[in-house]
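Since the structure comes first, as C-alpha cells, the remarks are kept for the end.
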Amino acid sequence: MYDSPHRRYNPLTREWILVSPHRAKRPWQGQVEKTAPSYLPEYDPTCYLCPGNERAGGIHNPQYTGTFVFENDFAALLPEDVSGLRGQGSGGRSQGSGETSLPDQPLTPDTSTPDTLFQALPESGVCKVICFSPRHDLSLPQLTLDAAEAVINTWSDETAKLFKRPEIRHVQVFENKGAVMGCSNPHPHSQIWSQSQIPTEPAKELASQRDYFSANKRPLLLDYLAEEHKRGERILASNQHFTALVPFWAVWPFEVLVIAQRAAPSLPALSQPERRALADIYQKVTIRYDNLFEISFPYSMGFHQAPNDGESHPEWVLHAHFYPPLLRSATVRKFMVGYEMLGMPQRDITPETAAQRLRELPEVHYRNAG
C-alpha cells in the first residue's frame, strides 16, 4: 500500500495527510534556494548576539562564555496587558479587573450568535532568546556533548522559572535554524515564548492524549513508541531515555519526532542523566541532518510540554518536533502551498524512505569526518 497514494492518520492532532510516493521523481523547475555560507567567523563584530556587542536600545551583551539568556528585544508577547482588549472578548462580557492570570479560553469559542463572531482577548507572556555559546560559527550539532547538555539545562531551567509565574500556562521552547526557516541571525540561538493560554497545536495534542489515556490508562506516545520499536523501520536513534524517529504521519520530507521513554511532562521534570541523554539524541539527529546534503541543515524544532495549569498530566509525554524543509538537495525545498493550504498536508517521500536515508548517515559531522 505504501507504494501508491494513500492517507495516514496523525493521532496527536487527529488529522490526516496525503502521501504520494509516485511523485518523488517528478522533474523540478521551481525555485532553487541559495546555500548558506560555508564559513562563518568565530566572532562577528556586526552580530547583535555575539559577546560584548550592542543590541537594540544600546544594550551591550556581557562577555558570556557559555549559554546566554535575555528577554527578546522585539517580543511578540508582553508581561502586562497593553492590548486594550480586556473585556471586549466573548461578546463584550467583562472579565473583571485585578487578575493575576487570564481565565482559560476554550479551543472552540462560542459563535452561536452574531455578536460572538468578532472575538478578541488579551494575551500576555514573556519571550526570551537563548544563545547556545559565544561561538558565532558553531551550531548545536557542532558543539561538544557537554556544551549541548548545557543548552538542554538552560532550556529546562528557564522553563522552570516561567512555570513559577501564575499567569503562564504554556511554555514553548523552539529553534529556527537557517534563513530559509526565517532565522534572522546566523549566530546559533533558540527562543522561548511563554503565554497565558495554550496555543493551538499543543491544545490539539492535549485533547487527543487525554482521550487516549482515559480510554487505555496509558500515554498515547508511549504506546506509539513501543509499536515503533517493534517495527523498527522508522527509528533513527535511541538511548536509555529518548528515541528519535520519523513519525508514521510525517508531513515534512525529513521530519523527526524525539520522544521521552517515560511519561515526563516537561523539560524541568527531567533528571540530569535524562538531560544528557536528550542532548545526545538531539546531536545524533542534527548531525545526520547536516550530513544529508553536507550543509548546515535548516529546520524548525520545538518541544511540546504539558500545560502549566496546576494539574497533573499523566497522559503527557515530553517530545520534540523537527520540521526541516529541504526535499531533494541543499537547494530544493518543500513548499506548503496550493493543495496543502487548501486541502490537507501532502508529501512525496515516504517516512520509511526518509528514515532509511537518515539512519544510514554517519554520526560524525561531515566537517569532522576524515
(request) Output the rest of the hydrophobic cluster of Y64: all Ile, Leu, Val, Met, Phe, Trp and Tyr residues reachable through side-chain heavy-atom contacts under 4.5 Å, sorted by chain and number. (result) Y48, L49, F68, F70, V129

(request) Could you label the plane-to-plane angle of the Y9 and W16 rings as parallel, tilted or perpendicular, counting under 30° as parallel and over 60° as perpendicular? (result) tilted

(request) Find out if a path of hydrophobic residues (ILVMFWY) with successive side-chain heavy-atom gaps under 4.5 Å connects L318 to V173. (result) yes

(message) Can a donor-acceptor pair be found, under 3.5 Å and without considering hydrogens, that links the side chain of N53 to the backbone of D44?
(response) yes

(message) Would a single hydrophobic cluster contain both L138 and M301, if residues Ile, Leu, Val, Met, Phe, Trp and Tyr are joined by side-chain heavy-atom contacts under 4.5 Å?
(response) yes

(message) Whether the side chain of N176 engages the backbone of C183 through a donor-acceptor N/O pair (distance < 3.5 Å, no angle test) should be reported.
(response) no

(message) Quick check: do V151 and T154 have side-chain heavy atoms less than 4.5 Å from each other?
(response) no

(message) Is any side-chain heavy atom of V171 closer than 4.5 Å to one of S194?
(response) yes

(request) Please tell me if the side chains of H241 and L278 come closer than 4.5 Å, counting only heavy atoms from C-beta onward. (result) no

(request) Using the side-chain contact (heavy atoms from CB on, under 4.5 Å) rule, pick out the option among L327, D348, V332 that qualifies with P253. (result) L327

(request) Check whether any side-chain heavy atom of Y323 lies under 4.5 Å from a side-chain heavy atom of V251, and answer yes or no. (result) no

(request) Decide yes or no for H136 and N185: does some side-chain heavy atom of the first lie under 4.5 Å from some side-chain heavy atom of the second? (result) yes

(request) Would you check if the side chain of N216 reaches a backbone N or O of Y212 as a donor-acceptor pair within less than 3.5 Å? (result) yes

(request) Give, for atom CD of E15 and atom CE of M344, the distance between the pair rounded to the nearest 0.5 Å. (result) 9.0 Å

(message) Between the side chains of R367 and D137, is the shortest nitrogen-to-carboxylate-oxygen separation below 4.0 Å, so that they form an ion pair?
(response) no

(request) Would you please say whether a donor-acceptor pair under 3.5 Å links the side chains of H319 and E205? (result) yes

(message) Treating R234 as the side-chain partner and P247 as the backbone partner, does any N or O pair qualify as donor plus acceptor under 3.5 Å?
(response) no

(message) For M181 versus P298, what's the shortest heavy-atom pair and its separation?
(response) CG-CB, 4.1 Å

(message) Main chain of I152, side chain of R275: is a donor-acceptor contact present, judged purely on distance under 3.5 Å?
(response) no

(request) Verify whether one side chain among E363 and N291 offers a donor that lies under 3.5 Å from an acceptor in the other. (result) no

(message) Side chains of Q142 and S139 only: does a donor on one sit below 3.5 Å from an acceptor on the other?
(response) yes

(message) Tell me the closest heavy-atom pair linking P325 and V180, and the distance in Å.
(response) CG-CG1, 3.9 Å

(message) Measuring only between side-chain heavy atoms, which start at C-beta, is N72 closer than 4.5 Å to K128?
(response) no

(message) Pairing donors with acceptors under 3.5 angstrom, does anything connect the side chains of E352 and Q356?
(response) no

(request) Anything under 30° is parallel, anything over 60° is perpendicular, the rest tilted; go ahead and classify Y289 against F322. (result) perpendicular

(message) Please check: side-chain N/O of Q195 versus main-chain N/O of E123, any donor-acceptor pairing under 3.5 Å?
(response) no

(request) Establish, from distance only, whether the side-chain atoms of D115 and T113 form a donor-acceptor pair under 3.5 Å. (result) yes

(message) Please tell me whether Q191 and Q172 have a donor and an acceptor in their side chains that are separated by less than 3.5 angstrom.
(response) no

(message) Taking W193 as the starting point, is it possible to reach L206 by hopping between hydrophobic residues whose side chains are less than 4.5 Å apart?
(response) no

(request) Measure the shortest side-chain to side-chain distance between F248 and Y224 over non-hydrogen atoms and say whether it is less than 4.5 angstrom. (result) yes

(request) Could you tell me the separation between the CD1 atom of I287 and the CG atom of L140, rounded to the nearest 0.5 Å? (result) 9.5 Å

(request) State, yes or no, whether a side-chain contact exists between Y282 and L143 at a heavy-atom distance under 4.5 Å. (result) no

(request) Could you tell me which non-hydrogen atom of R262 sits nearest to which non-hydrogen atom of L222, and how far apart they are? (result) N-CD2, 4.0 Å

(message) Using salt bridge (Lys or Arg N to Asp or Glu O under 4.0 Å), reason through E227 and R218 one step at a time and then give a plain yes or no.
(response) CA-CA 13 Å; E227 289 300 315; R218 286 270 303 167; over 6 Å; no

(request) Give the intermediate values and the outcome of side chain to side chain contact (heavy atoms under 4.5 Å, CB included) for residues H313 and R210. (result) CA-CA 8 Å; H313 286 278; R210 273 180 169 168; 3.4 Å; yes

(message) Measuring from atom CZ of R135 to atom CG of L40, what distance do you get when rounded to the nearest 0.5 angstrom?
(response) 10.5 Å

(message) Ignoring hydrogens, what is the shortest heavy-atom contact between H365 and D290? Give both atom names and the distance.
(response) NE2-OD2, 2.7 Å

(message) With a 3.5 Å distance limit and no angle check, can you tell me whether S312 reaches the backbone of P314 through a side-chain donor-acceptor pair?
(response) no

(message) Looking only at side-chain N and O atoms, does Q261 offer a donor or acceptor that is under 3.5 Å from a partner on S238?
(response) yes

(request) Tell me, with the steps shown, if K284 and D280 meet salt bridge (Lys or Arg N to Asp or Glu O under 4.0 Å). (result) CA-CA 6 Å; K284 281 181 166 60; D280 171 65; 2.6 Å; yes

(request) Enter the distance from H170:NE2 to Q197:CD here, rounded to the nearest 0.5 Å. (result) 11.5 Å

(request) Determine whether Y299 and V256 fall in the same hydrophobic cluster, where Ile, Leu, Val, Met, Phe, Trp and Tyr are linked whenever their side-chain heavy atoms lie under 4.5 Å apart. (result) yes

(request) Kindly state whether the ring of F293 and the ring of Y366 have centres lying under 6.0 angstrom apart. (result) no

(message) I'd like to know if F254 and L18 are part of one continuous hydrophobic network [Ile/Leu/Val/Met/Phe/Trp/Tyr, side-chain heavy atoms within less than 4.5 Å].
(response) no

(message) Can you give me the closest heavy-atom contact between L221 and Q209, atom names plus distance?
(response) CD1-OE1, 4.0 Å

(message) Regarding K334 and E340, does a basic nitrogen lie under 4.0 Å from an acidic carboxylate oxygen?
(response) yes

(message) Using 30° and 60° as the class boundaries, would you call the ring planes of W155 and F132 parallel, tilted or perpendicular?
(response) perpendicular

(request) Using the side chain to side chain contact (heavy atoms under 4.5 Å, CB included) rule, take M336 and W252 through it: C-alpha gap first, then chi angles, then the decisive distance, then the call. (result) CA-CA 9 Å; M336 290 292 184; W252 293 95; 3.6 Å; yes

(request) To the nearest 0.5 Å, tell me how far L245 CG sits from I235 CD1. (result) 4.5 Å

(request) Might you point out which heavy atoms bring L220 and L12 nearest each other, and give the distance in Å? (result) CD2-CD2, 4.4 Å

